[in-house]
2 protein chains.
Amino acid sequence: MRLQAELVAVVLTVNAGRPWVLAGGEPPALPAGPLAAGESLQAGVREFARERSGFDLGYVEQLYTFADLGRSADDCRTVSISYLGLTRAPIDGSARPADWSALYDLLPWEDRRHLTASGTDRLSEEIELALRRWSGDLDERRDRCAFLFGYDDRPWRAEFALQRYELLWEAGLVAESPTAGRISALTAGPMAHDHRRILATGLSRIRAKLQYRPVVFELMPESFTLLALQETVEAIAGQHIHKQNFRRSVEVQHELVEPTGELSHDTGGRPARLYRFRGSVREERAQVGTKLPLPR
Amino acid sequence: MRLQAELVAVVLTVNAGRPWVLAGGEPPALPAGPLAAGESLQAGVREFARERSGFDLGYVEQLYTFADLGRSADDCRTVSISYLGLTRAPIDGSARPADWSALYDLLPWEDRRHLTASGTDRLSEEIELALRRWSGDLDERRDRCAFLFGYDDRPWRAEFALQRYELLWEAGLVAESPTAGRISALTAGPMAHDHRRILATGLSRIRAKLQYRPVVFELMPESFTLLALQETVEAIAGQHIHKQNFRRSVEVQHELVEPTGELSHDTGGRPARLYRFRGSVREERAQVGTKLPLPR
DNA sequence: GAGTAAATGCTGAAAGTGAGCATAACAGGC
DNA sequence: GCCTGTTATGCTCACTTTCAGCATTTACTC
């Protein structure tokens with residue numbers, strides 16, 4: 001059996017309060033390329049992420065390996081090894097902006113920052129309606145929907161983005177579902193191959209990781225205000241965080257950040273202290289469990 | 001470039017209070033085999049786990065994909081996709097026992113159940129001594145050792161098994177370290193290829209998962225006492241748990257188990273209620289976050 | 001100087017955790 | 001039948017963490 005291996009990267013950055021993912025083309029596709037000879041997997045990902053975006057990846061982590069059965073002829077199979085990468089790319093700057101997509105254009109239901117407490121919106125209602133129709137009177141389905149989409153007073157769990165995608169896929173509500181009906185307009189349009197699934201995998205992973213590892217750091221500039229840090233976390237998490245509690249949780253773990261002594265005056269109000277990450281975070285980030293709050 | 005793909009499985013079971021892993025031969029090797037054509041990855045793992053052990057895997061989860069550079073000639077590269085699998089195989093029964101190894105014979109420092117509170121033993125002391133020698137006066141190394149092995153009153157974190165293995169490897173304390181010295185007798189002997197690393201990856205993963213997903217279930221018989229459940233968790237976690245608190249945390253989440261109404265009389269003392277997992281656990285196990293305590 | 005926007009400080013309820021004591025219910029020996 | 005050992009099971013208490021809101025401070029803009 002002939003075998004091919006390719007690397008697929010989910011490269012994320014946050015800019016102006018919005019998360020962006022390196023994905024261009026029509027339909028949009030994640031950067032992917034063959035595994036070069038004599039190169040480690042991580043090095044390969046870093047390599048072509050730089051080629052495509054012009055920026056270096058900070059954090060890199062393996063996501064999942066897929067072996068497509070359907071994609072090619074039986075005698076040539078492709079193994080896709082997917083990676084998550086974080087970078088500080090300033091998008092609007094020198095990079096070709098066409099290569100970047102707004103993450104929540106591709107997974108619109110994952111951004112809930114505009115929702116007020118216990119509030120809802122057109123998209124949520126549409127999904128809930130469609131899902132209830134799909135569930136019918138099957139208790140199992142109903143439970144699953146309630147758990148993943150937070151119906152019936154259950155909390156919204158940001159880190160279950162992948163499972164939500166899979167549910168919508170089964171229910172025929174995303175463009176690439178085999179059973180997609182007309183309501184599939186939830187997503188702007190199809191993405192290449194199974195790239196939306198890979199993207200959802202990456203989003204799930206970073207949201208989970210955010211809660212126990214100091215990875216936001218990779219998305220922040222050298223120095224920043226606590227509000228900027230919070231807004232970056234919120235952008236990834238797709239939901240709002242109680243400001244004072246966020247601030248406290250950051251300050252309590254005094255291994256995490258330290259004030260630079262400078263102030264930022266473009267706040268519109270009282271100037272904010274600037275902070276930087278402590279050196280120990282950079283070095284120990286492979287081990288230390290550092291917690292940032294996600295609301296439940 | 002020629003490319004080969006192989007599957008490597010970490011198949012775990014718990015029996016008589018000890019965790020076992022499917023690994024035989026000399027040196028011991030995890031079951032591994034080429035990726036068959038026209039077969040999904042998971043199906044492949046299940047397939048040859050059944051062949052080798054005679055039992056079906058319950059839970060299966062992808063671990064990590066390695067692409068060896070060094071292992072073969074430059075024009076033929078092997079991609080190893082590793083999986084974790086859990087099964088209820090009764091070892092001492094019909095299966096060929098030679099295929100199973102006691103997990104903690106392969107990673108002896110990961111079992112701390114015999115340690116009394118704040119106590120220590122020969123192995124721990126030996127490791128601590130060797131690690132302190134290796135750290136010298138390098139603060140970074142010293143911190144890392146303290147964090148991973150719980151020196152200086154830091155808590156032992158069971159789920160960092162992989163990082164501990166990697167540290168020991170760097171420090172030349174396991175048989176397969178490139179710089180292995182005489183003290184490397186920590187491990188009984190070498191394992192094939194990088195299989196001990198893969199095993200440590202699997203142990204890390206299941207220990208982490210145990211804390212927020214009902215996976216123990218896959219290791220338990222149809223009905224069981226709470227003590228039996230606790231001992232299974234302890235076997236995997238490699239440490240003791242406060243009995244009453246364990247019991248409370250199980251009972252509080254009343255989605256998890258329910259009494260069968262029967263009693264077990266072979267306790268030696270007061271008979272114990274028998275429990276079974278609730279149906280919802282089986283179905284929703286892919287989603288529901290169920291917590292079992294690991295001491296910190 | 002008034003109004004405003006944001007940073008910052010503080011407090012109290014609620015939930016979760018860790019550790020121990022006390023009691024209940026059996027088996028087996030006498 | 002009673003005593004003893006052993007385990008299951010019930011309960012309490014202190015302590016920590018988390019959630020959520022109120023109040024105050026500080027500087028900018030007009």
Side-chain angles (χ1 to χ4, degrees), chain A residues 17 116-118 153-158 210-212 223-231 233-234 237 239-254 256-275 289-296, chain B residues 17 116-118 150 153-158 210-212 223-234 237 239-254 256-275 289-296:
Chain A
T116 57
S118 81
D153 283 323
R154 306 223 211 165
W156 172 268
R157 309 276 228 95
L210 222 49
Q211 296 172 67
Y212 58 95
S223 81
F224 49 86
T225 68
L226 288 189
L227 183 58
L229 181 64
Q230 173 173 356
E231 281 171 344
V233 172
E234 288 178 335
Q239 59 190 150
H240 286 302
I241 302 175
H242 186 279
K243 187 170 175 172
Q244 294 92 323
N245 289 344
F246 177 84
R247 163 177 290 279
R248 177 184 53 188
S249 90
V250 170
E251 282 163 350
V252 159
Q253 342 179 21
H254 66 22
L256 191 57
V257 298
E258 62 190 2
T260 66
E262 316 263 296
L263 293 178
S264 163
H265 288 268
D266 35 42
T267 57
R270 171 176 174 175
R273 259 196 268 271
L274 285 172
Y275 290 82
T290 303
K291 299 199 307 190
L292 291 178
L294 275 197
R296 33 176 292 112
Chain B
T116 57
S118 83
D153 283 322
R154 306 222 211 166
W156 172 270
R157 310 278 227 93
L210 223 48
Q211 297 172 67
Y212 58 96
S223 81
F224 48 85
T225 68
L226 288 189
L227 182 59
L229 182 64
Q230 173 173 354
E231 280 171 345
T232 303
V233 172
E234 288 179 335
Q239 59 190 150
H240 285 302
I241 303 175
H242 185 278
K243 188 168 175 173
Q244 294 91 323
N245 289 344
F246 177 83
R247 164 177 291 277
R248 175 179 57 188
S249 91
V250 170
E251 281 163 351
V252 158
Q253 342 179 23
H254 67 22
L256 191 57
V257 297
E258 61 190 3
T260 65
E262 317 262 297
L263 293 178
S264 162
H265 287 269
D266 34 44
T267 57
R270 172 176 173 174
R273 261 195 268 271
L274 285 171
Y275 291 82
T290 302
K291 297 200 306 188
L292 291 179
L294 275 197
R296 32 176 294 114

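First the proteins, then the strands, lettered A, B, ... as listed; each starts at 1.
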Using atom CD of Q211(A) as one end and atom P of dT18(D) as the other, report the distance to the nearest whole Å. 11 Å
What protein N or O atoms touch nucleotides 10-15 of chain C N or O atoms at under 3.5 angstrom, if any, and at what distances?
none

Atom-pair distance (NE2 on H242(B); P on dT12(D)), nearest Å: 15 Å
Supply the atom-to-atom distance L263(B) CG to R273(B) CZ, rounded to the nearest 0.5 angstrom. 7.5 Å
Between dA8(D) atom P and E251(B) atom CD, what is the distance in whole Å? 13 Å
side-chain hydrogen bond (donor to acceptor under 3.5 Å, both in side chains) against R248(A), all qualifying residues, sequence neighbours excluded: N245(A)
L274(B) CG to dA8(D) P, in whole Å, measures 12 Å
Q239(A) CD - dA20(D) P separation (whole Å): 11 Å
Taking all non-hydrogen atoms of both residues into account, name the closest pair between Q230(B) and I241(B) and its distance. NE2-O, 2.9 Å
Length of the line joining L226(A):CG and dG9(C):P, which is rounded to integer Å: 10 Å
Heavy-atom closest pair (A158(B) atom, A237(B) atom, distance to 0.1 Å) is CB-O, 3.5 Å
Report the C-alpha separation of Y275(B) and L256(B) in whole Å, then their side-chain angles, then the decisive distance to 0.1 Å, and conclude whether the side-chain contact (heavy atoms from CB on, under 4.5 Å) test is met. CA-CA 10 Å; Y275(B) 291 82; L256(B) 191 57; over 6 Å; no
Kindly give the heavy-atom pair with the smallest separation between V233(B) and F246(B), and that separation in Å. CG2-CE1, 4.1 Å
From CZ of F246(A) over to P of dA7(C), roughly how many Å is that when rounded to an integer? 12 Å
Residues which pass side chain to side chain contact (heavy atoms under 4.5 Å, CB included) with E231(B), listed by chain and number, not counting sequence neighbours: L227(B), E234(B)
Of all residues at least two apart in sequence or in a different chain, which pass the side-chain hydrogen bond (donor to acceptor under 3.5 Å, both in side chains) check with S264(B)? D266(B)
Nearest whole angstrom, please: distance from the C1' of dG10(D) to the CZ of R273(B). 10 Å
I'd like a list of close polar pairs between nucleotides 24-27 of chain C and the protein, N/O only, cut-off under 3.5 Å.
unit_1	atom_1	unit_2	atom_2	d
dA24(C)	N3	R270(B)	NH1	3.1
dA25(C)	O4'	R270(B)	NE	3.3

Restricting to nitrogen or oxygen on both sides, can you table the protein-nucleotides 28-30 of chain C pairs closer than 3.5 Å?
none

